[in-house]
> 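One structure, as structure tokens, below. Some questions next.
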Protein chains: 2
Amino acid sequence: MATTTLSGQEFNRMQFESLLKKRFFFTESFEIYRTAPNYKGDNRGLFDYGPPGCALLANIVNEWRRHFVIEENMLELDCTAITPEAVLKTSGHVDRFADWMCRDPVKGEFLRADHLIQTVLETRIASSRSASADSKTKLDESTVQKYEAILAKIDNYDGPELGKLIKALDIRNPNGNGEVEEPTAFNLMFKSTIGPRSAAPIFFRPETAQGQFLNFRKLLDYCQGSMPFASACIGKSYRNEISPRSGLLRVREFLMAEIEHFVDPESNKSHERFSEVEQIELPFLSKQTQLSGKTTIETASIGSAVRSKLVDNETLGYFLARIYLFLVKIGADPKKIRFRQHLENEMAHYACDCWDAELLTSYGWIECVGCADRSAFDLTVHSKATGTPLTVKENLPEPLEIVEWKASLERKLLGPRFRKDARKIEAAIEALDQDSLEKLAAELAEKTVVSVPTAETLADGKTMVELSGDICSIKKVTRIENTREYTPNVIEPSFGVGRILYSILEHVYWYRPQDTAREVLSLPILTAPTKLLLVPLSNHPIFKPVVKSLGSRLRSMGIANNLDASSVSIGKRYARNDELGTPLAITVDFDTMKDGSITLRDRDSTTQVRASEIQILEAVKSLVSGSETWKEISQRLPAFTGQAQGT
Amino acid sequence: MATTTLSGQEFNRMQFESLLKKRFFFTESFEIYRTAPNYKGDNRGLFDYGPPGCALLANIVNEWRRHFVIEENMLELDCTAITPEAVLKTSGHVDRFADWMCRDPVKGEFLRADHLIQTVLETRIASSRSASADSKTKLDESTVQKYEAILAKIDNYDGPELGKLIKALDIRNPNGNGEVEEPTAFNLMFKSTIGPRSAAPIFFRPETAQGQFLNFRKLLDYCQGSMPFASACIGKSYRNEISPRSGLLRVREFLMAEIEHFVDPESNKSHERFSEVEQIELPFLSKQTQLSGKTTIETASIGSAVRSKLVDNETLGYFLARIYLFLVKIGADPKKIRFRQHLENEMAHYACDCWDAELLTSYGWIECVGCADRSAFDLTVHSKATGTPLTVKENLPEPLEIVEWKASLERKLLGPRFRKDARKIEAAIEALDQDSLEKLAAELAEKTVVSVPTAETLADGKTMVELSGDICSIKKVTRIENTREYTPNVIEPSFGVGRILYSILEHVYWYRPQDTAREVLSLPILTAPTKLLLVPLSNHPIFKPVVKSLGSRLRSMGIANNLDASSVSIGKRYARNDELGTPLAITVDFDTMKDGSITLRDRDSTTQVRASEIQILEAVKSLVSGSETWKEISQRLPAFTGQAQGT
């Protein structure tokens with residue numbers, strides 16, 4: 001997909017990714033083994049972060065913790081990745097956490113079915129549109145529309161449907177053009193066993209959520225029973241992707257940051273702080289739009305989206321707005337963010353509503369944050385599987401007087417009269433709802449006998465029993481309830497940190513107009529790996545003491561800085577740090593030795609100011625804390641144009 | 001082992017651990033599944049950290065990053081836990097990363113052999129010493145000494161030796177007293193496969209080190225070739241322990257923080273900053289002391305320890321001192337730290353020297369940090385396995401003129417004269433060292449013929465060949481070398497963060513003398529999960545606005561605080577936070593509403609001061625930053641003795 005850089009230039013992914021590798025933002029894991037003799041491993045989808053990538057990751061995680069956990073007093077947990085099979089059996093992952101894959105019997109390759117269709121159809125559309133298209137590759141407009149409609153809802157097909165599409169559209173493995181076999185389900189979890197017996201299967205978690213659900217009771221105790229509350233967990237998860245591609249976007253080991261917000265389902269899922277965000281305008285791609293085969297984005301305030309029921313409830317809406325603010329703050333381009341609603345088949349069967357925050361990259365729109373209303377599903381299934389109540393018991397503000405119909409059976413007569421059917425009749429009476437009871441009460445009063453349907457067949461082969469008034473009475477009774485017990489619903493915002501990191505790097509990338517090789521990563525100061533480059537004009541020993549003392553002063557101010565006293569030209573050193581996304585540079589030159597003044601350079605504009613050490617350090621401090629912008633600084637401090645500015 | 005609390009009281013581990021669980025520092029993972037019907041999983045050795053544990057962990061990790069990574073400009077990496085089999089085959093883990101276990105055929109239990117011996121011998125010694133010892137349990141002094149000598153070097157035995165001890169000392173499974181089978185090796189890594197083929201085995205890493213070694217070339221490039229340098233990695237590692245016990249101390253999934261310091265072996269492993277630490281006194285338990293069956297700790301400055309060669313080199317010594325400073329800073333009791341040198345069998349065969357920082361707990365001395373000189377082992381084996389040079393090439397400051405003896409063979413004559421032996425003779429000449437060459441040169445000058453030994457047997461059945469001057473010449477030649485190539489050695493400080501966390505919690509635990517149930521965790525402000533408790537005197541609505549504004553002011557100062565406006569007594573709320581290790585509390589009462597003054601309480605002394613909001617917030621700031629102590633604050637601000645102080 002053709003995207004443009006921050007400054008509207010054509011985006012060249014090869015050049016961009018080679019920059020990230022050159023500056024060691026990341027690298028393929030175990031790369032030196034790939035070319036080792038007789039190596040048979042599969043390194044795909046495994047990446048290591050180098051020093052700048054690691055610092056960027058840490059800065060994103062820290063801001064996440066501040067923006068969500070600390071701001072909302074969430075309860076952070078650190079749960080194990082190792083998870084017993086029983087837990088993931090309950091959650092449905094053992095049976096259903098799978099992708100559909102097709103085997104190409106000739107090449108011996110395994111392909112993810114939906115990705116295969118996507119690649120082939122996108123290629124067909126692109127070839128048809130290319131200038132060199134001939135009668136064979138040219139598609140008529142209706143075919144293009146059909147393909148685009150399929151692509152728009154590609155996540156909506158299950159395995160058999162994908163199989164039908166592959167047959168109907170004659171989709172083949174692009175590598176060799178061979179036909180592929182029927183899609184089969186492949187479970188994406190890494191399996192192992194624990195302990196010396198090898199009898200206890202475990203999985204490495206595919207998400208951090210289960211650990212949070214299982215600790216629900218302890219969390220509720222910890223926050224002294226006050227609802228709603230949220231837990232959070234940051235940690236690695238593992239998915240055995242069939243055929244990872246797309247660099248950092250589809251990996252087998254990745255950092256997740258997940259929130260589980262527990263809420264009373266009878267609260268209307270309203271949110272205390274919703275008014276703080278309701279004016280924020282968000283870009284939506286609704287379910288309806290997608291099902292009509294379109295991808296038009298509609299902008300609306302989150303307030304109106306919740307009112308119109310486009311977004312199911314306030315809590316979900318609150319998180320969508322907070323996610324948007326977070327993404328923009330850490331460097332995402334607001335024009336490259338959208339919220340896409342899940343289609344029915346794509347959504348877990350228990351979820352009420354689900355939205356993905358997607359970021360536009362050269363790989364297309366990428367799901368970076370999922371935000372789902374999972375209803376009471378998780379707590380209910382784990383509670384059932386373990387026999388542990390995962391509920392909230394609340395004292396009612398006032399005792400509740402409940403008037404209701406109640407049926408009672410005269411057991412002394414029931415047994416002798418109905419023998420083996422007695423239990424079935426008891427169950428039938430138990431199963432009656434208030435409406436039925438009211439009707440039967442009237443019938444009983446009138447006829448002194450009632451007919452009650454039974455779920456199980458009785459000895460006489462019927463599923464209906466007649467009960468007389470001596471054995472069955474139905475009366476209106478009053479009972480007092482002091483507490484209310486309920487299973488909370490869960491709203492789950494779930495962040496793929498690596499995907500966010502990669503997408504943001506694409507968003508902040510551009511190159512100086514005068515030279516495509518002069519690349520810049522305009523990361524915000526907040527997330528930039530290093531805030532400041534410290535450079536002496538040359539590696540002359542005279543600069544050493546000043547530079548050393550500046551370095552330790554900056555460190556004591558808590559500002560991550562990087563000294564480059566190498567012998568290459570100052571322009572080259574600036575350029576290297578533009579590529580690392582370092583927003584500021586302090587330069588020490590011969591004038592510094594005379595008057596103590598130093599210069600401060602802005603990465604994006606390459607302009608510089610010159611002032612005393614104290615003034616410059618103060619400027620750095622207010623830039624880093626966000627209290628001043630470069631524009632403000634450059635207006636109040638004298639400009640400097642003396643040296644190579646690395647433009 | 002009997003230990004005492006911070007204030008010298010008897011330490012009760014049951015009470016201590018139940019406090020940690022009650023306050024949700026940690027919990028057994030998947031606890032609600034343990035009692036689930038038909039559950040067959042093995043949860044042992046898996047723990048989740050709750051909110052205070054998680055915050056304590058994060059604070060320790062942050063301080064680690066500051067103390068080591070930032071202070072020394074280390075290059076931090078984030079490497080995958082998933083590791084291809086080939087990598088761990090090279091490193092030796094596939095073949096050797098195992099513990100010895102014994103099966104009890106009757107109980108069907110698996111026991112770690114060294115732990116079995118340890119438990120049984122410790123029990124025998126304890127029974128012998130107990131007041132109720134009879135002639136059967138009473139041991140003579142020489143037996144006790146023998147047992148203690150075995151215990152002192154329990155890590156020095158391999159599997160067959162452990163088997164012999166078990167037989168010789170008639171050691172049986174304490175559960176049922178059954179005899180156990182011969183020890184067998186059990187590999188401790190979790191194995192799985194990657195990709196849809198199941199043909200590519202992987203392990204979940206047992207340490208973070210390998211990822212750092214494999215990225216050596218990229219790291220060297222990143223720091224522009226300057227040696228020495230260090231990389232660092234913080235991340236989860238996994239070990240399938242045979243039979244985990246000892247709570248948080250022996251777990252199957254744990255956080256490690258590891259440093260790989262790469263150093264030129266010809267630099268004498270000296271360290272630029274050694275002079276900054278050489279005066280620091282450290283408690284040592286040397287190899288010699290242990291082999292003599294003793295555990296006496298000797299205190300010496302790290303400077304003198306390196307000079308006396310007790311510690312092999314300055315770099316290793318520098319890290320031991322820095323580790324000590326780190327442990328004390330985050331809360332370890334200096335009296336409960338020792339550095340134990342590894343015994344020969346315990347140390348990897350390639351290591352030159354290895355020291356463990358051990359912390360004393362109720363489980364005994366626990367290895368919390370390992371600090372090994374791994375020589376050039378890791379880089380050498382990975383380089384050999386992959387064919388990738390993992391070396392440093394340095395330009396020599398001045399070209400080196402090397403004068404050396406060189407032998408050359410006249411190939412035109414060699415082939416015809418020696419036929420099949422020619423290759424063997426060439427190899428023999430290649431293998432000659434300078435001394436031999438010098439001797440042979442003299443021989444040749446004198447006799448015009450030399451005898452050269454061959455490694456392989458020649459056609460005539462001899463391993464010596466006579467070469468005449470026409471075919472072999474030996475001369476002094478001069479060559480110029482401009483670069484030097486070498487494989488760096490590695491010093492590896494490796495931290496088990498969970499073990500450190502647990503040990504420190506034991507170190508800071510005590511209870512108020514007047515009431516054993518009034519427990520306190522005297523964590524330093526630096527690592528305390530929450531710095532400050534914010535309490536209104538009661539839940540009267542009048543206090544709400546003041547408390548809210550104080551909370552947001554503290555948050556903007558970056559001080560993690562916790563509001564407790566629940567209806568329980570203020571003493572109970574103080575006590576709850578003493579148990580959470582919260583060092584400070586601000587209280588808002590009716591006087592606050594009159595004159596704006598608030599009180600500040602110190603957890604350890606339970607004393608309070610009262611002053612204006614501005615003064616108190618300033619005091620909090622200087623306490624949190626470490627610029628003032630409570631003693632200083634309480635001397636300059638007026639004492640307050642009005643309310644329940646939670647003493």
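Order of the sequence lines fixes the chain letters, A, B, ..., with proteins taken first and strands second; residue numbering starts at 1 for each chain.
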> Flag the one option from A:Pro84, A:Gly41, A:Pro37, A:Ser226 with the top tally of heavy-atom pairs under 4.5 Å to chain B.
A:Pro84
> Measure B:Tyr238 against the heavy atoms of chain A and call it side chain, backbone, both or neither at under 4.5 Å.
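Only the side chain of B:Tyr238 comes within 4.5 Å of chain A.
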> Given the options A:Arg66, A:Glu71, A:Lys21, which has more heavy-atom pairs under 4.5 Å with chain B than any of the others?
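Highest number of heavy-atom pairs under 4.5 Å: A:Glu71.
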> So which part of B:Leu111 gets closer than 4.5 Å to some heavy atom of chain A, the side chain, the backbone, both or neither?
neither
> With a 4.5 Å cut-off on heavy-atom pairs, point out which of B:Asn38, B:Asn43, B:Asn73, B:Thr83 contacts chain A the most.
B:Thr83
> Please flag which part of A:Leu580 lies under 4.5 Å from any non-hydrogen atom of chain B: side chain, backbone, both or neither.
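Just the side chain, heavy atoms under 4.5 Å.
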> Would you say the side chain of A:Ile32 lies within less than 4.5 Å of the side chain of B:Leu390, judging by non-hydrogen atoms?
yes
> Of all of A:Val69, A:Leu563, A:Thr27, A:Ile70, which one pairs up most often with chain B through heavy atoms under 4.5 Å apart?
A:Thr27
> Just so I understand: if I count every heavy-atom pair under 4.5 Å between each of A:Thr90, A:Asn562, A:Asn187, A:Val251 and chain B, which residue has the most?
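Among the listed options, the one with the most contacts to chain B is A:Thr90.
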> Only counting residues at least two apart or in another chain, list the ones meeting side chain to side chain contact (heavy atoms under 4.5 Å, CB included) with B:Thr193.
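Applying side chain to side chain contact (heavy atoms under 4.5 Å, CB included) to B:Thr193 gives B:Ser198.
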> When heavy-atom pairs shorter than 4.5 Å are enumerated against chain A, which of B:Ile202, B:Leu188, B:Val87, B:Ile242 gives the highest number?
B:Val87
> Would you check if A:Phe24 and B:Leu219 make a side-chain contact, meaning some heavy-atom pair closer than 4.5 Å?
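In short, these two side chains touch, coming nearer than 4.5 Å.
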> Chain B heavy atoms under 4.5 Å from A:Phe47: which part of the residue, side chain, backbone, both or neither?
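The backbone, not the side chain.
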> Taking the side chain as every heavy atom from C-beta outward, state whether A:Asp221 and B:Lys22 have any pair of such atoms under 4.5 Å apart.
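Side chain of A:Asp221 against side chain of B:Lys22, heavy atoms only: no contact under 4.5 Å found.
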> Without swapping roles, check the side chain of A:Thr80 against the backbone of B:Leu46 for a donor-acceptor pair under 3.5 Å.
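No; zero donor-acceptor contacts below 3.5 Å.
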> By a 4.5 Å heavy-atom criterion (distance strictly below it), what part of A:Glu76 contacts chain B: side chain, backbone, both, or neither?
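Contact with chain B is through both the backbone and side chain of A:Glu76.
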> Quick check: under 4.5 Å, non-hydrogen atoms only, which of residues 53-62 of chain A neighbour chain B?
A:Cys54, A:Leu57
> Can the positive tip of B:Arg576 be found less than 6.0 Å from the middle of the six-membered ring of A:Tyr222, inside 45° of the ring normal?
yes
> Who among B:Arg23, B:Lys236, B:Glu85, B:Glu241 has the most heavy-atom pairs with chain A under 4.5 Å?
B:Lys236
> Please collect all salt bridge (Lys or Arg N to Asp or Glu O under 4.0 Å) contacts where either partner lies in residues 28-40 of chain A, sequence neighbours excluded, each pair once.
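Pairs touching residues 28-40 of chain A that pass the test: A:Glu28-A:Arg34, A:Glu31-A:Arg34, A:Glu31-B:Lys218.
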> For chain B, find which of A:Gly45, A:Ala200, A:Cys79 contributes the most heavy-atom pairs closer than 4.5 angstrom.
A:Cys79
> Looking only at heavy atoms and a cut-off of under 4.5 Å, which of B:Gly235, B:Gly50, B:Ser231, B:Ala232 has the most pairs with chain A?
B:Gly50
> At a heavy-atom distance under 4.5 Å, which candidate from A:Leu255, A:Asn215, A:Asp564, A:Ile82 has the highest pair count against chain B?
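Of the options given, most contacts go to A:Ile82.
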> Are B:Thr386 and A:Tyr39 close enough, and set up right, to give a side chain to side chain donor-acceptor pair (under 3.5 Å), and what steps lead you there?
CA-CA 9 Å; B:Thr386 58; A:Tyr39 181 62; over 6 Å; no
> Describe, in one word, how the ring planes of B:Phe204 and A:Phe190 are oriented to each other, choosing from parallel (under 30°), tilted (30 to 60°) and perpendicular (over 60°).
perpendicular
> Measure the OG-CD distance between B:Ser29 and A:Gln210 for me, rounded to the nearest 0.5 Å.
13.5 Å
> So what's closer than 4.5 Å to chain A heavy atoms on B:Arg103: side chain, backbone, both or neither?
neither
> Would you mind checking which part of A:Ala81 comes under 4.5 Å of any heavy atom in chain B, side chain (CB onward), backbone (N, CA, C, O), both or neither?
both
> Heavy atoms, side chains only, cut-off 4.5 Å: are B:Tyr49 and A:Leu77 in contact?
no
> Can you name the side chain to side chain contact (heavy atoms under 4.5 Å, CB included) partners of B:Arg44, sequence neighbours left out?
B:Asp42, B:Ser243, B:Pro244, B:Arg252
> Going by atom types only, do B:Thr388 and A:Tyr33 share a side-chain donor-acceptor pair under 3.5 Å?
no
> Of all of B:Pro196, B:Ser566, B:Ala36, B:Ser192, which one pairs up most often with chain A through heavy atoms under 4.5 Å apart?
B:Pro196
